Amino acid sequence: MFGDTASYLKLGLSFPLPAEKIRAFAERVDVLYVVEEVESYLEDEIKCLGIKCIGKEKLPNMGELNPDIVRSAFFGTEPETVKGDQDMLVARPPVLCADCTHRGFFAMLRDSSLKQKVMIAGDIGCYGLGGADPLNAKDLCICMSSAPAIAHGAQKIFDSEREVVATIGDSTFFHTGIPSLIDMLYNHNRSNAILCVLDNRITGMTVQQENPFSGNTLQGMETLVISIEAVCHALGAENVRTVSPRDLTEVRKTLKWAYKTDGPVVIIVRWPCVLKKLDAEEQTQFNSEKILYVVNNDECTGCMSCINIGCPAISYDKEREVAVIDQEACIGCSACAQVCNLDAISPKELEHA
Ligand code: SF4
Ligand code: SF4
């Protein structure tokens with residue numbers, strides 16, 4: 001955008017600030033502009049070093065930056081856009097991966113036949129995606145690890161009028177969710193909040209970092225696996241159950257139990273992330289056989305129940321009015337087969353993943 005009319009200093013590290021590098025760069029240029037997103041962190045720090053610079057005078061302090069915004073801020077030019085037919089655009093909300101086994105859990109959580117008035121406090125990470133259409137299993141999400149504390153506070157307000165459920169991933173739970181659970185347990189009087197820890201044995205959304213529940217250090221060395229169940233029990237949680245999201249009958253039973261239980265509940269929903277490279281023990285524990293599922297067109301009535309679990313591998317054929325499973329994308333979590341009341345979806349063939 002600025003081409004060779006400007007000099008650039010790209011920082012790979014913002015804390016600790018490479019002060020001398022910035023000072024040396026500033027001495028070589030006529031005007032120093034700071035291009036950073038949202039708040040003026042670098043700009044303020046650089047000014048504190050006694051170096052003149054310009055940042056938020058030109059650039060917005062909200063939202064992400066892109067070339068059009070930066071170009072417009074510096075050159076006053078409006079971006080050229082192509083006007084298209086808005087009706088042709090298909091809404092594509094972000095979704096859980098094809099074969100994310102946790103999708104079935106969200107479908108059950110949203111199922112009003114289990115409980116009518118349920119408020120769901122979500123958290124960040126993969127499981128924030130359970131709140132997007134068509135799963136819609138999230139009413140609010142504020143910040144990392146807030147879900148258990150929100151659920152606890154909201155449950156106190158709602159009393160028995162409404163169930164409040166918190167969903168959080170395993171690494172988020174470990175990171176800062178445990179204090180939130182302590183809040184839930186320690187102040188549990190009149191709070192029956194339900195905490196669901198969706199344990200995919202890895203930090204999924206930020207590209208597969210290990211965490212204290214995954215059995216490896218960040219450097220990939222084998223280490224102690226910290227048990228979520230043991231942590232919950234050690235904190236004083238009495239109502240703790242672990243369930244596989246591949247078994248939706250069991251998930252329904254467990255949610256029913258949680259809704260009826262008096263006092264705080266923790267449900268650990270355990271199945272590895274579909275992108276995780278399983279070690280030998282995990283391959284045995286979590287059956288890694290790959291089963292493709294297909295729709296039997298003679299049985300399918302096009303009721304859309306399977307479509308509504310939001311698996312990217314399933315689509316609806318408008319002409320034939322049936323569901324279709326993309327065999328390249330399906331990895332066989334079986335959630336669609338379990339929600340089809342007509343048994344119109346079944347395994348196709350067995351092969352080893
Ligand atoms: S098509 Fe069905 S079995 Fe295949 S990944 Fe999607 S939900 Fe799972
Ligand atoms: S849930 Fe079953 S009957 Fe309904 S669209 Fe899907 S495959 Fe067809």
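This one's a predicted model, so the numbers in the text were calculated from it and none came from an experiment. Computation of the quantities below employed the complete heavy-atom set of this structure, encompassing side-chain atoms and omitting hydrogens, waters and symmetry-equivalent molecules.
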Under the side chain to side chain donor-acceptor pair (under 3.5 Å) criterion, do S214 and N216 qualify, and how do the steps go? CA-CA 6 Å; S214 69; N216 290 295; 5.1 Å; no
Taking C-beta and beyond as the side chain, do [X] and [Y] meet within less than 4.5 Å on heavy atoms?
X: S72; Y: E78; result: yes
X: I202; Y: P272; result: no
X: M119; Y: Q155; result: no
X: V240; Y: I268; result: yes
X: V118; Y: I194; result: no
X: I228; Y: V266; result: no
X: L255; Y: K115; result: no
X: D326; Y: S315; result: no

So, taking the atom named [atom1] in [X] and the one named [atom2] in [Y], what distance separates them when rounded to the nearest 0.5 Å?
X: M205; Y: C97; atom1: CE; atom2: SG; value: 8.5 Å
X: D44; Y: C53; atom1: CG; atom2: SG; value: 8.5 Å
X: C196; Y: I120; atom1: SG; atom2: CD1; value: 9.0 Å
X: R241; Y: K253; atom1: CZ; atom2: NZ; value: 10.0 Å
X: L114; Y: L109; atom1: CG; atom2: CG; value: 9.0 Å
X: Y127; Y: D199; atom1: OH; atom2: CG; value: 7.5 Å

Dump the intermediate steps for side chain to side chain contact (heavy atoms under 4.5 Å, CB included) on E43 and I46, then the final yes or no. CA-CA 5 Å; E43 181 185 343; I46 292 169; 5.9 Å; no
With no hydrogens and no angle check, just 3.5 Å: does a side-chain donor-acceptor pair link E229 and T242?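 The criterion, which ignores hydrogens and geometry beyond distance, is satisfied for T242 and E229.
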Yes or no on side chain to side chain contact (heavy atoms under 4.5 Å, CB included) for V197 and F173, after CA distance, side-chain angles and deciding distance? CA-CA 7 Å; V197 184; F173 175 68; 4.1 Å; yes
When hydrophobic residues are tied together by side-chain contacts of less than 4.5 Å, even through go-betweens, does I314 share a cluster with M304?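 Yes; tracing contacts between hydrophobic side chains, which count when under 4.5 Å, links both residues.
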Just do the ring-ring contact (aromatic ring centres under 6.0 Å, His included) check on F2 and F74 with the steps written out, would you? CA-CA 9 Å; F2 298 104; F74 282 92; 5.1 Å; yes
Tell me, with the steps shown, if E250 and S244 meet side chain to side chain contact (heavy atoms under 4.5 Å, CB included). CA-CA 8 Å; E250 202 51 41; S244 163; over 6 Å; no
Looking at every non-hydrogen atom in both residues, tell me the closest pair between [X] and [Y] and how far apart they are.
X: F106; Y: A137; result: CD2-CB, 3.7 Å
X: I307; Y: P134; result: O-CG, 4.0 Å
X: C333; Y: T101; result: CB-OG1, 4.2 Å
X: A313; Y: C330; result: CB-N, 3.7 Å
X: E36; Y: L59; result: N-CD1, 4.5 Å
X: T176; Y: M144; result: OG1-CG, 3.9 Å

Between the side chains of R71 and D68, is the shortest nitrogen-to-carboxylate-oxygen separation below 4.0 Å, so that they form an ion pair? yes
